[in-house]
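Report on the structure given below.
Not measured: the values here are computed from a predicted model. First listed ligand is number 1; within each ligand, the first listed atom is number 1.
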Amino acid sequence: MSLETSPGTARDVALSGYELMVTARQIELECVRLSGHWYAAIGEEAVLAGAYGLSSQHGDVLFPHYRGAMVVHYLRGRSLEDLFLSVLARKGSSSQGRHIAPLDGWLQGDVMPWTSYMLGPNIPFGSGAALALSRSTTDRVAIVGLGDGTAGTGDFHEGLNMASALNLPVVFVCHNNQFSISTRPQEVLATESIASWARGYQMPSVTVDGNDLKQVQAAVGEAVRRARRREGPSFVECLTFRRTGHFASDHAPYRDSAELAMWEKRDPIESWERELVNQWNMSRSDLKEIRTRLEEVVKQAAATAETAPHADEEDLSLEGVYDR
Ligand SMILES: Cc1ncc(C[n+]2csc(CCOP(=O)(O)OP(=O)(O)O)c2C)c(N)n1
């Protein structure tokens, strides 16, 4: 759903944000269960829901960060069953088991793929898409996600420079989870904040609490409206924390346990539950019921995908693929 076009009340939007985050958490938990190589976005749900779910509308072109990309597919209408088939690389999945699920796009929902295994190229690609959109008669915008580590690539600077120089309708959302595999941003980025780099490219740039859905939604919403008015690009840095290892079976001995515990206490879903109770008079028991129901739907979809047959040799054959 879209924050801008929603006919619902602010309470509905707040509840929808909760539902998106709960579903996102369970998608990621199931993916971790199904694949030891999963790059989980557990604890980063407010960035995903706020940046891609509640601020964009149909027709906006999304270039999500690879971590959490499947959640973005779901937000754009991909069925859970199809999503888990791809995670498991089973017969009938969109890539027929040829490559890792988060690299797929979901073109039916205007979600672009991670076009190479390289961090960075999606940033100038996003600016390129925004250039095309700026020449159309629509008010569609591009939203580009990136990690803090990705900000260290040349593509980051080229993509931001191009967006600003050509006044393009693009919003850059940095998921600053404070790790690039085992490296902290302050060890490798010669800047105090990633947003201040973006500010150097003459675009409005803010840093927000990435575990607070309200802050992410407000900042990205404002940036999207600006882009729709064709007033140029913006940059939103969302400060959050990578609560798992780089991938599911990385136990991350390099992390500080006190810091991890501090961020676990700042769980975005639990904070949002408090918001719904205090601001919107929702009852804890209603929220628990909603959460359990949504978790069950996701678990069921994953379990169904697990019963699907494996891709066979014919599925994996590349014969004729390039003729299509
Ligand atoms: C250009 C490039 N350099 C290095 C890598 C290897 N690599 C894959 S994921 C990753 C960490 C990315 O960190 P960040 O952008 O902060 O995203 P996060 O994984 O924290 O979500 C690295 C270094 C790569 N794929 N591409």
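In terms of polar-atom proximity, S180 is counted as a contact of ligand 1, with an N or O under 3.5 Å from an N or O of the ligand. The distance criterion of under 3.5 Å between nitrogen or oxygen atoms is met by G149 with respect to ligand 1. Polar contact check, T153 against ligand 1: no nitrogen or oxygen pair lies under 3.5 Å apart.
Nearest non-hydrogen protein atom to atom 20 (O) of ligand 1 is F179 O, 2.6 Å. Looking from atom 6 (C) of ligand 1 to the surrounding protein, the closest heavy atom is L119 CD1, 4.5 Å. Of the protein's non-hydrogen atoms, the one nearest atom 15 (O) of ligand 1 is T150 OG1, 2.6 Å.
Rounding to the nearest 0.5 Å gives a distance of 13.0 Å between CD of E30 and CZ of R25. Atom CD of Q202 and atom CG of L160 lie 11.5 Å apart (nearest 0.5 Å).
Ion pairing between a basic and an acidic side chain is recognised when a charged N comes within 4.0 Å of a carboxylate O; R255 and E259 show no such pairing.
Atoms of ligand 1 lying under 4.0 Å from at least one heavy atom of Y117, given by number and element, are 24 (C), 25 (N), 26 (N). Atoms of ligand 1 found under 4.0 Å from any heavy atom of N177, numbered from 1 in the order shown, are 18 (P), 20 (O), 21 (O). In the vicinity of R67, heavy-atom distances shorter than 4.0 Å reach the ligand 1 atoms 18 (P), 19 (O), 21 (O). Of all atoms in ligand 1, listed by their number and element, those nearer than 4.0 Å to a heavy atom of D148 are 15 (O), 16 (O). For ligand 1, the atoms closer than 4.0 angstrom to any heavy atom of M118 are 1 (C), 26 (N).
A donor and an acceptor atom, one from each side chain of R78 and S86, are located under 3.5 Å apart.
At distances below 3.5 Å, not a single donor-acceptor pair connects side-chain atoms of N176 with backbone N or O atoms of D148. Side-chain N or O atoms of W114 include none that pairs as donor or acceptor with a backbone N or O of P64 at under 3.5 Å. For R184 (side chain) and F179 (main-chain N/O), no donor-acceptor pair under 3.5 Å exists by modelled atom type.
Residues Y39 and H246 place their aromatic rings such that the two centres sit under 6.0 Å apart.
At a heavy-atom cutoff of 4.0 Å, ligand 1 is contacted by no atom of H175, backbone or side chain.
Side-chain contact between L189 and W197 is present, with heavy atoms from C-beta onward closer than 4.5 Å.
Residue contacts with ligand 1 include Y66, since one of its heavy atoms falls under 4.0 Å from the ligand.
Which of E44, R184, H65 comes nearest to atom 17 (O) of ligand 1 through a heavy atom is settled by distance: it is H65.
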